[in-house]
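Reading through the structure tokens given below for one structure.
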Amino acid sequence: MDNDRIDQIIDKHQGKASSLIQVLLEIQSENHWLPKEALERVSEKLQVPLTRIRHITTFYKAFSLVPKGRHEIHICMGTACHIRGATHVLDTVQDLTGIRPGETDMDLKFSLETVNCLGCCALGPVMVVGGKYHGKIAPTEAEEALKNYE
Amino acid sequence: MGEILLQIDGREVKVEEGMTILEAAQSTGINIPTLCYHEKLEPYGACRICTVEVETGGRTNLVAACLYPVQENLVVMTRSEKVDKIRKMLLELMIAHAPEAGALQELAQEYGANKDRFEKEPSFCILCGLCVRYCAEVKKKNAVGFVDRGGRREVIFIPEIAAKECWNCKECFPLCPTEALQAGYLLTEALAFPSGNR
Amino acid sequence: MPRINSPTELEELRKSILSKRDPDRPCIAICAGTSCLALGNDRVIGAFEEEIKKQSLEAKVDIRATGCHGFCEKGPNIVIYPEEICYMEVIPEGVSDIISQTVLGKKVIDRLIYTDPNTGEKAAHQSEIPFYKNQMRHLIGNNTKVDPKSIDDYLALGGYSALSKSLFEMTPEQVLEEIKKANLRGRGGGGFPTGLKWETARNAPGEKKYVIVNAHEGEPGAFMDRALFTGNPHSVLEGLIIGAYAIGSHQGFIYTRHDTPQLRNNIVVALTQAEGYGLLGENILGSGFNFNVEVHLDIGIFVSGESSALMRSIEGKTPEPRPKYIRTAVSGIWEKPSNLNNVETWANVPQIINNGSEWYTSIGTERSKGTKLISLSGNICNTGVVEVPMGTSLREIVYDIGGGIPNGKKLKAIHFGGPLGGSIPASLLDTPLDFDELAKLGAPMGAGGMLVMDEDTNMVDVARFFLNFLTDESCGKCVPCREGIRQMLKILTNITQGKGREGDVALLEELAEVAGNASLCALGRTSSNPLLSTLYYFRDEYEGIKENG
Ligand SMILES: Cc1cc2nc3c(=O)[nH]c(=O)nc-3n(C[C@H](O)[C@H](O)[C@H](O)COP(=O)(O)O)c2cc1C
Ligand code: SF4
């Protein structure tokens, strides 16, 4: 992502320091991760210290400081999913991909995240891959589903 | 600003409005232990070692003395069974991270804290934030800051800024309550491995 | 969009909207709530659109993509008007039958309606389906009747009449008085009296004041705020504007999640439409009252929903709680008086103004008034969003509405309030839904996530789950919370692995006490609620595991 695009996003928020989180979010959603140069640009333009940006970008799970895989796997770890066995789904997915929550594999194929509650507890346990929901999923089904991704 | 009359440890004390309990106590020579407090910095309220018991309108509460503003007729107890119990355990929790820290050892002695109560996890940092806040508030350089959240919170130096600012300053080093060298260690680490992606 | 400049013009607009609507015209309301969308409801919506085009029915049949209907278990859900026939588990392949047989042929398709699993009885309308008929759906009921992206739908149901009434027939003090008399208590977790909070903000010195909607909904297992706000955004917005008028605020914020695109879009559309009609912005309805709203998107971790952390985030700072020895209603965002209420709290306001506090206080218990939204989930047959009057027994919610426990299992416990709440055993099932009653039992209601657990649940693991959640979802600023949770978690993990030691329970209790008394914010102070409640009601599980290990 080049500086011009970052500047555009910042201008959209009138360069207000209070828009820091929104600006970072927009960069994250467009670029899928936050390169160091982008953070430095934001710091300079919004006049916000890098320390605060570092804190905020590591405080929230939604930000990534490394490139994400082509397919983002989200596994819901909300209470309802938990008591319906989400941990087993997570274990299976971790074994299969070799990565833990917050990580991306070497081939940049998968990134794995846990989320708190997707708000569709009726479907628990839920796994979302690249925006596609897999509800009431058993560990073996999770394994099957992931095989379909390149 | 008006004057406020309150009671600390049974003593009537007259102080300025707007003061905190800690300031009021200090102004009359009553000692309340602190770890994350520094008179040049905004009160922070993270170590909670300054917890005291207050009584207002018939109710007692446990509050952080470094933050709680004095009120007319407030009754403060800087030591009580509850207060001591809290301080003891807070020290036990912190000492697991910084077993050698002089400031913690002294207080541990005073409050009878068991240094081995919790399994040691030496990170040499109790996250009091004195270095972070001093650099931001007094030096206005923001070379050192917090990262992450919850149980994974840490202090790091920003290599690019630290390389320019820190060697000639180092004013935060002596503030560290655990190991004066801890900040220096983190600083060196940040400069040696600037790409550490945090 | 014509600007509306007076209450009379508002009523005229309403009349003209209604006059253009034919009550007999078929309309298919398709749930586009989170669960139904996850089930591929967009394909159902697409199939309806296609079928209607194919049969050239565009001029005769309407489609409405709505917010959550509530019965998530049976999604995708649709309701066909004017007969109000409910179909469940609809698939795209069934769409052409629905159009030809029901919408045009006026016949009910048996296989798509609700069948009671116990009696085999069929039910086609909400008024007959146990899940719905045992509820009182004052807040969420309109979800099937409005397209969230259409302010006209909301106006057709009488929307914004409470705002008009407040601005033209009541002084701010009278509005405040009505809310106080209604005894409305905050739905975000604390149950704090809303009127009192408004009054504090109103009386706080300073010209600039803020009002805020807390739509963070960080409690795992809670999805009712999203269901309400996504499905009927104007009901929340109307409440907010009325509150601003009572408090004397001209700037509002909506703090919400970035990860639910429909929610975000519907809020933005609602704000634009309200502004277009002059229900928001300068000189609202010609009253001279000005009020603007900014949307603040956040990703939040759990602690971000705490009021002082939330306000830091709106300022663009790290969302860490600040000690609140001075209330945020007096000193909040940029140290200005800032009144924060939960989504559901705000949505209660218009109905109180419309129907009066006496009507409102006639619903509920002595000290908990009105209805409450509940997210019912876990080991329960009917997962979904439920709205019942306060005072409803937990038994009614679990069995009459929730349909009981699946797979022939026995109920073991009910957990309220997420990571800051507690679990109570099945023997307390006759407890009424009431802020104080539940809090007394150690299971404070929280925002309204109600988790049902069957006999297979390990309660030590439940406590461990919540502490594990908190260690990753708190800020880590203060020692008693950060370190206390770390140690409690270690002990619980050992116990669940059969490695418990003598003295564990006593140490847990001491850690819980210190975290509870010395932490900086309410997260740390209530972090051990799940632990303490399970220790109280299910102590043998802690000790049993230890002995066996
Ligand atoms: C850790 C923590 C998280 C919270 N999360 C939320 C939340 O997600 N939504 C909410 O409405 N209130 C939440 N609250 C409660 C708010 O701090 C605040 O009390 C509430 O929004 C006030 O609104 P009410 O009076 O209408 O309930 C949370 C509180 C704490 C301590
Ligand atoms: S109690 Fe926990 S969440 Fe609250 S300030 Fe302390 S560490 Fe942060």
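Just so we're on the same page: letters track the sequence lines, and every chain starts at 1. Just so you know, these numbers use all the heavy atoms, side chains as well, and skip hydrogens, waters and symmetry mates.
When all heavy atoms of C:Gly221 and A:Cys121 are compared, the pair lying nearest together is CA-SG, 4.1 Å. Of all the heavy atoms in C:Ser35 and A:Leu123, the pair that sits closest is O-CD1, 3.7 Å. What you find for C:Phe465 and A:Met77 is that their closest heavy atoms are CZ-O, 3.1 Å. The shortest non-hydrogen separation linking C:Phe223 to A:Gly119 is CB-CA, 3.6 Å.
Of the two parts of A:Leu118, only the backbone, made up of N, CA, C and O, holds a non-hydrogen atom closer than 4.5 Å to a non-hydrogen atom of chain C. If you measure heavy-atom distances from C:Ala222 to chain A, the contacts under 4.5 Å come from the backbone alone. Neither the backbone nor the side chain of C:Cys68 comes within contact range of chain A; no heavy atoms are under 4.5 Å apart. Looking at C:Ile314, only its backbone comes within 4.5 Å of chain A, counting heavy atoms on both sides. When heavy atoms are compared at a cutoff of 4.5 Å, C:Pro319 approaches chain A by way of both its backbone and its side chain. With a 4.5 Å cut-off on non-hydrogen atoms, C:Lys317 touches chain A through its backbone and its side chain both. Looking at C:His415, there are no atoms closer than 4.5 Å to chain A (heavy atoms on both sides), in backbone or side chain. When heavy atoms are compared at a cutoff of 4.5 Å, C:Phe71 does not approach chain A at all. Contact annotation for A:Lys16: only side-chain heavy atoms (C-beta onward) come within less than 4.5 Å of a heavy atom of chain C. Heavy atoms closer than 4.5 Å to chain A are found nowhere in C:Val385, neither backbone nor side chain. Heavy atoms of C:Phe302 lying under 4.5 Å from chain A are absent altogether.
With rounding to the nearest 0.5 Å, the separation of SG in A:Cys117 from CD in C:Glu217 is 7.5 Å. If you take CG on C:Leu39 and OH on A:Tyr133, they are separated by 10.5 Å, rounding to the nearest 0.5 Å. Here the straight-line distance linking atom CD1 of A:Ile56 with atom CD of C:Glu320 works out to 9.5 Å at 0.5 Å rounding. Taking CD1 of A:Ile83 as the reference point, atom CG of C:Asn458 lies at 12.0 Å (rounded to 0.5 Å).
Options A:His82, A:His134, A:His55 differ in how many heavy-atom pairs under 4.5 Å they form with chain C, and the most are formed by A:His82. Your options are C:Asp461, C:Thr457, C:Val462, and the one with the most heavy-atom pairs under 4.5 Å with chain A is C:Asp461. When the candidates C:Ser377, C:Gly418, C:Gly384 are compared by the number of heavy-atom contacts under 4.5 Å with chain A, C:Ser377 comes out ahead. Counting heavy-atom pairs closer than 4.5 Å to chain A, the top residue among C:Thr318, C:Asp298, C:Thr34 is C:Thr318. Of all the listed residues (A:Leu25, A:Val126, A:Val128), the one sharing the greatest number of non-hydrogen pairs under 4.5 Å with chain C is A:Leu25.
Annotation: side chain to side chain donor-acceptor pair (under 3.5 Å) contacts of A:Ser43 (sequence neighbours excluded): none.
Counting only heavy atoms from C-beta outward, the side chains of A:Phe59 and C:Ser313 never approach each other to under 4.5 Å. Put simply, the side chain of A:Lys61 reaches to within 4.5 Å of the side chain of C:Glu473, judged on heavy atoms.
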For the pair A:Arg84 and C:Thr383, evaluate side chain to side chain contact (heavy atoms under 4.5 Å, CB included) and give the outcome as yes or no after the intermediate values. CA-CA 13 Å; A:Arg84 289 183 180 192; C:Thr383 295; 3.2 Å; yes
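Under the 3.5 Å distance criterion, the side-chain polar atoms of A:Thr79 are matched with a main-chain donor or acceptor of C:Pro220. Of the possible donor and acceptor atoms, one in the side chain of A:Gln22 sits under 3.5 Å from a partner among the backbone N and O of C:Leu297.
By the neighbour-count criterion of 12 heavy atoms within 6.0 Å, atom CZ of A:Arg70 is densely surrounded, having more than that number from other residues, nucleotides or ligands.
Here A:Lys136 pairs with C:Glu73 in a salt bridge; the nearest charged N to carboxylate O distance falls below 4.0 Å.
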